[in-house]
Participant: 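Have a look at the structure that comes next, please.
Every chain is numbered from 1, with letters handed out A, B, ... down the list of sequences.
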Protein chains: 2
Amino acid sequence: MATIYQVSEAAGVSLATVSRVMNGNARVSERTRKKVEDAMALLGYQPNAIAQSLASNRTNSVGLLVSELHGSYFGDLMSTVENVLKQNGKHVIITAGHVDEKREHEAIEFLKSRRCDALILHAEAVSDEYLKQLVDSSTPVAVINRKVDELNDNCFVVDNEQGGYLATQAAINAGHKHIAYISGPLFKKDASDRLSGHKRALEEAGITFEETSMFEGDYHESAGQEGMLHLQKHYPNFTALVCANDEMASGAMTAAREAGFDIPEQLSIVGFDNVLFSRYLYPKLTTINNPIHAMGEMAAYWVLQHVYNIKSPIPIEHLFVPEVVNRDTLGNL
Amino acid sequence: MATIYQVSEAAGVSLATVSRVMNGNARVSERTRKKVEDAMALLGYQPNAIAQSLASNRTNSVGLLVSELHGSYFGDLMSTVENVLKQNGKHVIITAGHVDEKREHEAIEFLKSRRCDALILHAEAVSDEYLKQLVDSSTPVAVINRKVDELNDNCFVVDNEQGGYLATQAAINAGHKHIAYISGPLFKKDASDRLSGHKRALEEAGITFEETSMFEGDYHESAGQEGMLHLQKHYPNFTALVCANDEMASGAMTAAREAGFDIPEQLSIVGFDNVLFSRYLYPKLTTINNPIHAMGEMAAYWVLQHVYNIKSPIPIEHLFVPEVVNRDTLGNL
DNA sequence: GAGTGTTGTGTAAGCGCTTTCAAATTTAAA
DNA sequence: TTTAAATTTGAAAGCGCTTACACAACACTC
């Protein structure tokens, strides 16, 4: 593998000059530039990114932490972020934290040790304290889908409370009065926010919230099935079920079907996230759009602007608005 | 950010000694080791991976090329590879090639410029020639889901011909005689192999293959819908439809439902890949398992063994066997 | 006590680049 | 022409680490 030294020799110029034509930042005469480029082509020269990074203290790579590498939600996020950054010549190093404090911590430390120029984090398990510390350190950090007090400028979040409100309101508007709810794990901020929204919508409609109408799941599909079974037993007669994410909605649909319910004739279901596969479900799931795509894009632009001085083509915003996606699982009563 | 120099000073030893305790390879006395470790802890020292890589010519990272960052198929692949490698202290740098020759090429060059110790490629668009060249270069390469002649040792593939055979055979065994087929893009080896298998199964059952019974799609969901429409027009009366992947099967199911068919009572459908969402489909899709998980795992172990001299816990194999996954979309005639 | 191994540590030369500074060259102005 | 200013180039000092190599220090043998 050719080095810059061999190029400089072949071109009959100094290292510095070769470096200059590579980076295109300083002035080099047309004639020398040509000589160098020819030499590069001749040798099939490919700069060593590692050495460049060490010397320039710039890696041109940004670290991305997601919870899992599979699943539509994160697939969407990764795709978006990579697209925006790659278009601007930056590269993404992706790691998974698996919603585990230790593993998230390690993943972030790994990204830092690779000297990423910036981090985009979908961190669920590490503490607010740790995130604050991170932001105070030298690496710029964007946080996705998590609101941390005092870190407003770094956070990109959807209004989960409003989303929960919209989901339940949609059911109420369709005439439902007995609305069950399958929540996400309440230690997660997004789950508790969504639940708050649900309660607000009920209250606004003059319906009192009953503890038995709710089941706390873990966001996985199986929790949807368990929840459905649990609710049938402890809160029978509900005509609509709001789920805190699409995975659980899918599980609930399966369980409902097995129990003989027609959807939406006998039971309405509303999900949350508008994950890709919610279109594949049958009937197609009515859900709340979680603008994960928009958030990822925004975080990427924020990084480009703050770290690389590349102006964002869209104004930077931090709060995103959820919307109802009307499909086929919510029926009128 | 503390450097090795500051650690050495704080510990009262030389750079070399600090380096030795970091790498744990050379002998260091207990006393000095303790001193150095204390100094590291005190300073919150974190080695600079970039500098380490440059000096040691080892990055401890392996590059992974996938076609897309979203979708179950690649999600599964990324997760598996990352898991195996991370467990062994290696890191993964993921890039997407988008099934485009230029972009795949660039992605691979990027991984090489990051000096990955090895590459694991799901490359669909670059030429065999290029891959051969790559294998001949200094970076070890594992190729997933693509068989390249002369590169048997580097390839990890499923027997697509056999898979196609099994899918159609399953339909035949269920009593079907008029079997339509929605193929993948035939310039792709896997697509043409699957089709060959389909034809072999027909032939073996004494059914003659008719050109009109087949539609060539592009592996996307929409092609399933188009294909269904096309086949209804040009090859009516088919009672079973075999699709070259699950995405297209899903599209075909939607189209079939819209056309009023009951599945599987009036129309049987068989997919291919056994992608995660095939479980979410309703009815649950009968399909062929593509052991992408096993292949990714194997490729990762191969890398560990060949590049890092870490013995693989399972024997290295290169050819994987597809299997029928019986679920609910194939009915008996 | 001289010779021979061990073991632990330090010195210094890189790894392949970037970047400052100064020198050399060209261009423009007088 | 001569001189100053602007432009182009090269020399060399790092970036933070690894790793030969050399050298002490110590424990053995005979």
Participant: Measuring to OP1 and OP2 of C:dT9, would you say a side-chain N or O of B:Thr32 lies under 4.0 angstrom away?
Facilitator: yes

Participant: Identify which nucleotide among D:dT8, C:dC17, D:dG10 has an atom closest to any side-chain atom of A:Arg20, counting heavy atoms from C-beta outward.
Facilitator: D:dG10

Participant: Starting at atom CE of A:Met40, determine the distance to atom P of C:dG16, rounded to an integer number of angstrom.
Facilitator: 15 Å

Participant: On DNA chain C, nearest-nucleotide positions of B:Glu30 versus B:Ala51: which is more 5'?
Facilitator: B:Glu30

Participant: Across the strands shown, which category fits A:Asn57 at heavy-atom distances under 4.0 angstrom: base, sugar-phosphate, nothing?
Facilitator: nothing

Participant: Is A:Asn57 atom CG crowded by more than 12 heavy atoms from other residues, nucleotides or ligands, each under 6.0 Å away?
Facilitator: no

Participant: Check whether more than 12 heavy atoms from other residues, nucleotides or ligands sit under 6.0 Å from atom CG of B:Asp149, and answer yes or no.
Facilitator: no

Participant: Does A:Ser56 place a side-chain N or O at less than 4.0 Å from the phosphate oxygens OP1/OP2 of C:dT18?
Facilitator: no

Participant: Out of C:dC17, D:dC17, C:dG16, which has the shortest distance to the side chain of A:Leu54?
Facilitator: C:dG16

Participant: Reckon A:Thr17 has a side-chain N or O less than 4.0 Å from the OP1 or OP2 of D:dG10?
Facilitator: yes

Participant: Quick test of your reading of the model: are B:Asp128 and B:Arg146 salt-bridged, counting only N-O distances below 4.0 Å?
Facilitator: yes

Participant: Report which part of the nucleic acid B:Ser19 touches: base, sugar-phosphate, or nothing (heavy-atom distance under 4.0 Å, all strands).
Facilitator: base

Participant: Do the rings of B:His91 and A:Phe110 sit parallel, tilted or perpendicular, given the 30° and 60° boundaries?
Facilitator: parallel

Participant: Indicate whether OP1 or OP2 belonging to C:dC15 is found under 4.0 Å from a side-chain N or O atom of A:Asn48.
Facilitator: no

Participant: Looking at C:dT19, C:dC17, D:dT9, which one has an atom nearest to any side-chain atom of A:Val28?
Facilitator: D:dT9

Participant: Nearest to the A:Ala16 side chain among C:dT11, C:dT19, D:dT18, which nucleotide is it?
Facilitator: C:dT19

Participant: Distance only, no hydrogens: is a donor on one side chain within 3.5 Å (strictly under) of an acceptor on the other, for A:Asn145 and A:Tyr73?
Facilitator: yes

Participant: Between atom CD in B:Gln6 and atom C1' in D:dG16, what is the gap in whole Å?
Facilitator: 11 Å

Participant: Is any side-chain N or O of A:Thr3 closer than 4.0 Å to OP1 or OP2 of C:dG16?
Facilitator: no

Participant: Using a 4.0 Å heavy-atom cut-off across all strands, classify B:Val18 as base, sugar-phosphate, or nothing.
Facilitator: nothing

Participant: C:dG8 C1' sits how many Å from B:Lys34 NZ, rounded?
Facilitator: 19 Å

Participant: If I take atom CG in residue A:Leu15 and atom P in nucleotide D:dA11, what distance separates them, rounded to the nearest angstrom?
Facilitator: 9 Å

Participant: Could you tell me how far apart A:Arg115 (CZ) and D:dC17 (C1') are, to the nearest whole angstrom?
Facilitator: 11 Å

Participant: Starting at CZ of A:Arg33 and ending at P of D:dT8, how long is that distance when rounded to a whole Å?
Facilitator: 10 Å

Participant: Looking only at side-chain N and O atoms, does A:Tyr5 come under 4.0 Å of OP1 or OP2 in C:dT18?
Facilitator: no

Participant: Of the candidate nucleotides D:dT18, C:dG16, D:dA11, which contains the atom at the shortest distance from the side chain of B:Met22?
Facilitator: D:dT18

Participant: Compare side-chain N and O positions of A:Gln52 against OP1 and OP2 of C:dG16 and report whether any pair is under 4.0 Å apart.
Facilitator: no

Participant: Kindly indicate, with the supporting measurements, whether the criterion salt bridge (charged side-chain N to carboxylate O under 4.0 Å, His left out) is fulfilled by B:Lys132 and B:Glu129.
Facilitator: CA-CA 5 Å; B:Lys132 281 185 207 166; B:Glu129 263 330 302; 3.8 Å; yes

Participant: I need the CG-C1' distance between B:Asn60 and D:dT18, as an integer number of Å.
Facilitator: 13 Å

Participant: Taking atom P of D:dC15 as reference, at what distance in whole Å does atom CD1 of B:Ile4 sit?
Facilitator: 14 Å

